[in-house]
Amino acid sequence: MDYNFTEIEERWQKFWEENKTFKTPEDLTNPKKCYVLDMFPYPSGAGLHVGHPEGYTATDIYARYKRMKGFNVLHPMGWDAFGLPAEQYAIQTGTHPSVTTKNNCDTFRRQIRELGLSYDWEKEINTTDPEYYKWTQWIFIKLYNTWFDEKLQKGRPVSELAIPEEIRKHGKKEISNYSDSKRLAYYDNALVWWCPSCRIVCANEEVLYDGSHEKCGNRVEKKNLKQWMLRIPHYAERLLTGFDKLDWPEGIKDMQRNWIGRSTGAEVDFRIDGMKEILTVFTTRPDTLFGATYMVIAPEHPLTKLITTEGHKREVDNYIEAASLKSDLDRTDLAKEKTGVFSGRHAINPVNLRKIPIWVADYVLPGYGTGAIMAVPAHDTRDFEFAEKFNLPIACIQDPDVTDPDQRKRIIAGRECWTEDGRYINSSDSTTGIDINGLNKEAGIAKITAWLESKNLGKAKINYKLRDWLFSRQRYWGEPFPVIHWEDGEITLLDESELPLELPALEKYLPGESGESPLANATEWLNVTDRTGRKGRRETNTMPQWAGSCWYYLRFIDPRNDRQIFDPAKEKYWMPADLYIGGAEHAVLHLLYSRFWHKVLYDLGIVSTDEPYTRLYNQGMILAFAYENASGAKVAADLAEERDGKFYNRETGEELRQLVAKMSKSLKNVVNPDDVVSRYGADSMRLYEMFMGPLDITKPWDDKGVKGVSGFLGRTFRFLSNQANIHPGDEDGEILKALHQTIRKVEGDIENLHFNTAISAMMIFINLAIKKGRITKDSARIFTKILSPFAPHLAEEIWSFLGHNKTISFEPWPEVNEEYLKEEIFEYPISFNGKLRFRITLPVSMEKDEIIRNVLADERTKKWLATGTLSNIIVVPNRIVNVVLKTNP
RNA sequence: GCCCGGAUGGUGGAAUGGUAGACACGCAGGACUUAAAAUCCUGUGGCCAUAACUGGCUGUGCGGGUUCAAGUCCCGCUCCGGGUACCA
C-alpha cells in the first residue's frame, strides 16, 4: 500500500478534533502532571516559518510521550498578538488591528493544526482579548500596590507599608509621595529612549549598542517624558538566587547574571575641600584608595554645578551642555577618546588626607553606582587612559604578579596599567593609621572596607547594572493602563471591578510626533469626571508587548475563568511549567521580566511557586541556503541547481555562490512549512525538524534532508501496513533485542530532548526489520507506540491496521525488558599501544586472566608482540583490551 | 575588550576517557523499467599496497601536555557564532 500522507493526516487531524483527544484532563488527583509550554508566537502576517515548528514539534513529542507515561498533560497554545506590525498596517490602511490580528491568528492556527501538534485548543488565549488583558491590567494594579521589603526580601501590599513619623508629620501629600517612592510601579519623568521613526519610547533593552532601535534599526534619541516604570532592581538578588534550583542552560543563566550585573564593593565618602558636601563614590576596588589620584563626577550629577569653582564655571557649563546634547550613541562613539574638564575643586582622599582634583567627564555614567568615581589610573584601564590624556598623576600601589621584569618596571613607574592581583606598596599612612602594604587584593579589600566602616567613611555595598524597567509605550495596540490622571495631580487606578478598561475605537492610529499616544485622540474615552466634578484624563500610553507575555503561562491554566485570574487549585496543580521551549532571543528580556512578575505574584500569595519555569531549553535557529550570482544579486533558492559540487541558475545557467544565512525575503531563501507539508506530509516535516541535528544548535535547512526522513516513514508504512510481514509466531531474538534497545534509547533521548538520535535509533530498527522480512504483531505494536510521538498521524493509521479502534495517544509507553538485552558474548577490540589491530569474540562473563590468555594465544598477537617488549595488558571487561608494548629501538 | 558556545567525511550530524564517522543526505555501481521517476540491493574519510581476500599508514581547527588509552580531560593559540559594552 502506498503511503498517502495527505489522506492519512487529514483523517487523523479530523479524528483528534472531533474526539477532543487532547483536551486537558480535569482530574487533579493524578500525582503525575506535566505542563509542557511553548513560547507563544506573535502571529505575523507572513504565517508560520520553519523556525516555529522546531520548538513546537519538540514540545509536542515530549507532551505525547508524557501522556503515554500516564501523566496529565497541559499543552496549550496562544497568541502574543499586541505589537507594532498590526498597528503599522492600521495606520496605512485604516483596518483595525484586531481584524488583522484575527486573520493572522486564523492562519497560524490552521498551520499549527496541520502539523498534528497536540494542543488543547480549548485553552487558546490571545493577549489582545479584553478578557485576557483584563488580568494583565489587574496584575499592573497589584504591582502598583506593592512595595519591596528589603529586610524580608519580599514584596508586600502597600497597605502594610509603615510610614515613618518623620514623613507622617508633613501630612497627606508627603505620605502619598513616600508610598509612591516605594511602589513597584511608579509614574515619573524619565529621560528615555525615543525612536522618532516608530514614534515610540524604547526600553534600554530595546536599544542596540550602536544606538539603533532593535525593531526598526533607526537611531533613537533621548527624550524627557512622563512614563511608567517598574522597580525590577529590587528583585535583583532574588532573580539571581532563583537560578539555583532551575534546570536551565548555563549560558542563559549567565546572560541573565550579566544583565543583572551584580558587583560587590564599597561606597566611600570623600570630603570636598572647602565645602560641607560629601562626594560618595562606588568602587569595587576600595583596596586601591591609595592610588586614587583624582575623582570624576558625571556631568548630570546633582553636585557637579555646585562644586564647580568660579574660574571653571564656563568651561564646566559648556561641557555639561555638550554632554546633554550628545546622544548616548555619541557618548559611546567617542569612547575611544575620553573627554572631560577640571571642576576647579578638590576632594580629600580619606586614607591619606591628600587633596585630589575633581574632574567632570562623561565616561562616568549618571545611572550607575553614585554617578561619581574615585579614579585609580594605575589599576583601572579607563582611568589610565583619561589620566594619560590629561596628564594626571598615576600612582602605582601594587607590585604586580608578573614574570616579565620589564613589564613590572613599567607598571611600578606608572607607565602601564595593572588590574590583576599583586602585593600593595605605598599603601600606608601614619596620620590615618591604615596600612595594607604587603597584602594581596582579597585581603586588602577586606581590611580597607573594615577600616572605612569603623571610621564611618564608607560601607560595603552591592550594586546592580539592572535598571528600572520603562513600562509604557506611545502606542494604540497595547494594553491600556487602568490609570486616571486628575487635574489636581493625583493619580488613581481603576478598581478591579472596572476592568477590563477596553481600547476605544479610533479613526487615526498615528501617534503624535511629540510622544503623544494615539489614544490622546479618543476624546470620549479619554476624559473622565468623578462624583465631585473633578476632571481627569486617562493614561494614554499603553503597556509594552512584554506585558502580556509576562504571565500568559498562568492564564493557560484556567483561561475561561471570568471571576478570577485562575482557580488557585488548578494553579497549584499545574505550576510550575515543567518544560519551556523557545528561541534564545528571549534569553534575557522576556524570561527576566516574567520571572520578576512571577516573584511578585508569589510574594502576594497569588501563585504557589517562586519560579515559573523549572526546565528551560532553547531551540537553535534554522538557517537556509541562499544563492547569489557573480554580481551579488540574490537568486531564489528553488532556482539553484547543483552540478558537480557547483551551483547554477536553472534558468540562465550562470554560476552561483551558495551562502548559509538566516531566512529572509531579501535573500529569497524562506522555506514555507505549507509547501513542505504538501510535498512530504506533516509527519515528515516534524521528523525532519527533529532529525536535522541537536535541538539547541543553529543548523541549515536542506530540502534533501526531508527526503531522507520521508523515505523512512514510507518504508515504515509499507512494511507495517502489509499483513504479509506480520506473523503470529515467536519473535526473532535479534529483532527482540533491537526492539528493546530502541525503546530504551528513544525513551532516554526524549527525556533529554535528543530527538535526532532517537529517530536514528528507530531507523536502525526498521532497517533491521525490513531486512529480516517480518516481525510479530506485538513488536509492530511496540514499535508503533514509540514512533507515535514523532509521527502521530502515521502511528494512528498503523495502530488501526493492527486492530485497534481507539487512539494510540494514551496507550502505555512500552517497558524495556532487560532479559532481551542480555549479551552472551562480546567482541573485544584488541589494541596494541592504543591502536586497534583485531577483534576476538569472548563470553561476557570471562575473567580478566582468561581474557589475557586468549589474547596472548591468538596468532595475530604474535606479530605485534614481535615489534616490542610486552610491558602491560589492560583489560576493561566488555569494553576493550589494550596491550602495552615497549618498542624496540 | 569581557562572558558564553562551537570547530569531526563532499553535506547535516553520531560517539558514559575505551572499536571515530552511528543515522541520513549526496555520490558511484547494480536490479526493476522501452525510458524516467519511485522503489530495492551494494559500496563510500583520505593515502598506499594487493588480481582479489585483505593489509598498512594517516585522520576529529592548530601547538603542547596528562593517560595503558584523548574528538572527549588540562595548558596555550586560530577561526566562526551568540550575548554585552566606559557598569567604576
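Here is how names work: the chains are called A, B, and so on, in the same order as the sequence lines, proteins then strands, and each is numbered from 1. None of these values were measured; they are calculated from a predicted model.
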**Study point:** Residue pair A/T381, A/T419: steps toward the side chain to side chain contact (heavy atoms under 4.5 Å, CB included) verdict
**Key:** CA-CA 8 Å; A/T381 48; A/T419 58; 4.3 Å; yes
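Using a 4.0 Å cut-off between a side-chain N of Lys or Arg and a carboxylate O of Asp or Glu, A/E420 and A/K441 do not qualify as a salt bridge. Taking 4.0 Å as the cut-off between side-chain N and carboxylate O, A/E734 and A/K771 do not count as a salt-bridged pair. The pair A/E388-A/K338 does not count as a salt bridge, with every side-chain nitrogen at least 4.0 angstrom from each carboxylate oxygen.
As rounded to whole Å, 14 Å separates atom P of B/G13 from atom CD1 of A/I759. Counting to the nearest Å, the P atom of B/C25 and the CG atom of A/L687 are 12 Å from each other. Summarising the geometry, the separation between NZ on A/K253 and C1' on B/C4 is reported as 14 Å, rounded to the nearest angstrom. Atom CG in A/L365 sits about 9 Å away from atom C1' in B/A88, given to the nearest Å. Rounded to whole angstrom, the span from the CG atom of A/D696 across to the P atom of B/G81 amounts to 18 Å.
For the pairing with A/E54, the side chain to side chain contact (heavy atoms under 4.5 Å, CB included) check across A/R686, A/M621, A/M690 returns one residue only, A/M690.
Comparing A/A584 and A/Y368 against RNA chain B, the residue whose closest nucleotide sits nearer the 5' end is A/A584. For A/S760 and A/G251, each mapped to the nucleotide of RNA chain B holding its nearest heavy atom, the one lying further toward the 5' end belongs to A/G251.
At the heavy-atom level, A/N258 lies under 4.0 Å from the strands shown only through sugar-phosphate atoms. At the heavy-atom level, A/F691 lies under 4.0 Å from base atoms of the strands shown. In this structure, A/K863 reaches the sugar-phosphate backbone alone: every heavy-atom distance under 4.0 Å involves primed, P, OP1 or OP2 atoms, never a base. Across all strands, A/I873 comes closer than 4.0 Å to no nucleic acid atom at all (heavy-atom distances).
Not counting sequence neighbours, the partners of A/E751 by the side chain to side chain donor-acceptor pair (under 3.5 Å) test are A/Y65.
Nearest to the side-chain atoms of A/W864 among the listed nucleotides B/C3, B/U39, B/G56 stands B/G56. The side chain of A/I373 approaches B/A88 more closely than any other nucleotide in the set B/C40, B/A88, B/A38. You'll find that the side chain of A/I697 is closest to B/G13, out of B/U84, B/G13, B/C40. Distance from the side chain of A/K699 is smallest for B/G13 among the nucleotides B/U39, B/C3, B/G13.
At least one side-chain nitrogen or oxygen of A/R837 sits closer than 4.0 Å to the OP1 or OP2 atom of B/C57. Distances shown here put a side-chain N or O of A/N767 below 4.0 Å from the OP1 or OP2 atom of B/A24. The side chain of A/R257 contributes no N or O atom lying less than 4.0 Å from OP1 or OP2 of B/C4. Within the 4.0 Å cut-off from OP1 or OP2 of B/A88, at least one side-chain nitrogen or oxygen of A/S263 is found. The side chain of A/K704 places no N or O atom within less than 4.0 Å of a non-bridging phosphate oxygen (OP1 or OP2) of B/C27.
For A/N882 and B/C68, a side-chain-to-base donor-acceptor distance below 3.5 Å is present, hydrogens and geometry of angles not being considered.
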Please tabulate, for the side chains in residues 285-292 of chain A, all donor-acceptor contacts under 3.5 angstrom to protein atoms that are two or more places apart in sequence or on a different chain.
residue: A/R285; atom: NE; partner: A/D287; partner atom: OD1; Å: 3.0
residue: A/R285; atom: NE; partner: A/D287; partner atom: OD2; Å: 3.2
residue: A/R285; atom: NH2; partner: A/D287; partner atom: OD2; Å: 2.9
residue: A/D287; atom: OD2; partner: A/Y424; partner atom: OH; Å: 2.3
residue: A/T288; atom: OG1; partner: A/R285; partner atom: O; Å: 2.7

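In this pair, A/Y627 and A/F625 present their aromatic rings tilted. The plane angle is within the 30 to 60° band.
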Return the polar atom pairs (N/O with N/O) between nucleotides 58-64 of chain B and the protein under 3.5 Å, or none.
residue: B/U58; atom: OP2; partner: A/K835; partner atom: NZ; Å: 3.3

Close N/O contacts between protein and nucleotides 14-17 of chain B (under 3.5 Å):
residue: B/A14; atom: OP1; partner: A/N756; partner atom: ND2; Å: 3.1
residue: B/U16; atom: O4; partner: A/R879; partner atom: NE; Å: 2.4
residue: B/U16; atom: O4; partner: A/R879; partner atom: NH2; Å: 2.6

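In terms of heavy-atom proximity, A/N833 sits nearest to A/N882 at N-OD1, 3.3 Å.
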Practice item. Give the B/S/- string for nucleotides 28-33 of chain B, one per nucleotide from 5' to 3', where a protein heavy atom under 4.0 Å of the base yields B, of only the sugar-phosphate yields S, and otherwise -. Key: ------
Exercise for review: Dot-bracket notation for RNA chain B is requested: 5' to 3', Watson-Crick or G-U wobble pairs only, both distances under 3.5 Å, with ( ), [ ], | and . as defined.
Suggested key: (((((((..(((.....[....)))((((((.......))))))(((((....)))))..(((((..]....))))))))))))....
